[in-house]
Amino acid sequence: METRRTSRDGQPEAYCHRAMLDAIRYLVDNGIKWRAMPVDFPPWDRVYAFFRRWRDHSLVKEFHDRLRDRVRQKAGRDAQPTAGVIDSQSVKADAVVGSDSRGFDGGKLINDRKRHVVVDTLGLLLAVMVTAADTGDRTAAHVLLEQVADAHHRLALVWADGGYTGSLVEHCLTALALVLAVVKRSNNMRGFVVLPKRWIVERFFAHLMRTRRLVRDFERRTSSAEAMVYWSMILLMTRRLARSRPARA
């Protein structure tokens with residue numbers, strides 16, 4: 001990746017991409033406001049313009065996907081996953097979030113947004129979609145699983161919880177050639193129980209909660225909220241790739 005980008009009139013950008021990436025990583029990890037960007041980084045409006053350009057042109061997703069392929073290969077896996085896990089997470093929305101993109105979640109009894117995600121068996125993100133919290137899991141899964149199936153042709157199996165039962169299972173099999181395996185919680189279970197495969201996506205949500213910008217949804221646009229999830233995973237994957245290999249015995 002080039003460190004600087006040349007504009008149409010031939011003038012290079014004033015700030016290198018490394019400085020811009022570090023600034024966005026700092027904002028996502030520490031949950032600060034755009035205008036509270038420390039002076040060590042480029043001006044906040046330039047950093048936001050960089051964030052917006054990468055969001056609108058899907059560059060952040062492309063960057064994320066390349067890192068995910070490298071992490072999978074480093075772990076001894078094929079770059080293309082064959083199995084995944086789908087789930088959703090409701091989060092409280094800030095006052096800046098408009099009523100057109102927020103809704104009332106009857107289960108959580110809050111007026112907020114919902115993150116729908118599909119992750120692979122390593123807990124790495126395959127796709128994300130942010131909607132109003134009153135959007136049903138099965139409704140969002142129709143769109144999200146189609147996106148995942150188009151992007152990952154080797155994907156054949158997706159685990160889900162009991163909220164994804166019904167006609168969605170047959171739709172995935174007939175239209176997407178995808179097996180949707182529902183992992184249900186037994187009625188005689190009491191307290192916290194680790195369910196097979198579903199703990200993978202729960203660990204993913206736990207990571208999102210460690211990046212302070214994602215503890216609450218502060219983004220006016222759902223596309224910005226989705227980009228923040230990608231940036232959070234970029235933080236995780238770059239740290240994994242930067243770790244030195246353990247010395248052989």
### Query
What do the steps show when you test Leu235 against Val28 for side chain to side chain contact (heavy atoms under 4.5 Å, CB included), and what is the final call?
CA-CA 9 Å; Leu235 275 170; Val28 175; 4.2 Å; yes
### Query
Any idea which heavy atoms bring Tyr164 and Ser88 closest together, and the distance?
OH-N, 3.6 Å
### Message
Looking at Arg70, I want to see if its CZ is surrounded by more than 12 non-hydrogen atoms of other residues, nucleotides or ligands under 6.0 Å.
### Response
no
### Message
The criterion is side chain to side chain donor-acceptor pair (under 3.5 Å); which residues satisfy it with His152, sequence neighbours excluded?
### Response
Gln80
### Summary
Sorted by chain and residue number, the side chain to side chain donor-acceptor pair (under 3.5 Å) partners of Arg25 (sequence neighbours excluded) come out as Thr238
### Task
Could you tell me which residues satisfy side-chain contact (heavy atoms from CB on, under 4.5 Å) with Ala156, sequence neighbours excluded, listed by chain and number?
none
### Task
Tell me, please, which residues at least two apart from His153 pass side-chain contact (heavy atoms from CB on, under 4.5 Å).
none
### Message
Does the plane of the ring in Trp54 sit parallel, tilted or perpendicular to the ring in Trp231? Use 30° and 60° as the thresholds.
### Response
parallel
### Message
Through direct or indirect side-chain contacts below 4.5 angstrom among Ile, Leu, Val, Met, Phe, Trp and Tyr, which residues connect to Val39?
### Response
none
## Note on the structure
Closest heavy-atom pair, Ala79 versus Gln73, reported as atoms and distance to 0.1 Å, is CB-NE2, 3.6 Å
### Task
With rounding to the nearest 0.5 Å, note down the distance linking CD in Glu146 to CG in Leu178.
11.0 Å
#### Entry: Over all atoms of both residues, closest heavy-atom pair of Phe41 and Ala19
CD2-O, 4.2 Å
### Summary
Those residues at least two apart in sequence (or on a different chain) that pass side-chain contact (heavy atoms from CB on, under 4.5 Å) with Pro43 are Tyr15, Asp45, Arg46
### Query
Is there any side-chain hydrogen bond (donor to acceptor under 3.5 Å, both in side chains) pair reaching into residues 95-104, and which pairs are they, with sequence neighbours excluded?
Ser101-Arg113
### Task
Applying side chain to side chain donor-acceptor pair (under 3.5 Å), name anything that partners Arg154, two or more places apart in sequence or on another chain.
Asp78
#### Entry: CD1 on Ile24 to CE on Met37, rounded to 0.5 Å
7.5 Å
### Message
For residues 201-214, which residue pairs pass the side-chain hydrogen bond (donor to acceptor under 3.5 Å, both in side chains) check, not counting sequence neighbours?
### Response
His207-Ser232, Thr211-Ser232, Arg213-Glu219
### Query
With under 30° as parallel and over 60° as perpendicular, where do the rings of Tyr48 and Trp34 fit, or are they tilted in between?
perpendicular
#### Entry: Between Ser90 and Asp105, a side-chain donor and acceptor under 3.5 Å
yes
Would you tabulate the side-chain donor-acceptor contacts of residues 118-136 under 3.5 Å, counting partners in other chains and residues two or more places apart, or write 'none'?
residue : atom : partner : partner atom : Å
Asp120  : OD1  : Leu122  : N            : 3.0
Asp120  : OD1  : Gly123  : N            : 3.0
Asp120  : OD1  : Leu124  : N            : 2.7
Asp120  : OD2  : Arg72   : NH1          : 2.8
Thr121  : OG1  : Arg77   : NH1          : 3.1
Thr131  : OG1  : His116  : NE2          : 2.9
Thr135  : OG1  : Ala132  : O            : 3.1

### Query
If you look at every heavy atom in Val47 and Pro42, which pair is closest and at what distance?
CG2-O, 3.6 Å
### Query
Among pairs that include at least one residue of residues 122-133, which meet salt bridge (Lys or Arg N to Asp or Glu O under 4.0 Å), considering only residues two or more places apart or in two chains?
none
### Message
Please check this pair: side chain of Arg138 against backbone of Gly166, looking for a donor-acceptor N/O pair closer than 3.5 Å.
### Response
no
### Message
Nearest 0.5 Å, please: how far is CZ in Arg115 from CZ in Phe205?
### Response
8.5 Å
### Query
Name the one of Val182, Asp87, Val201 that satisfies side chain to side chain contact (heavy atoms under 4.5 Å, CB included) with Asp161?
Asp87
### Query
Looking at residues at least two apart in the chain, or sitting in another chain, which of them share a side chain to side chain donor-acceptor pair (under 3.5 Å) with Asp29?
Arg239
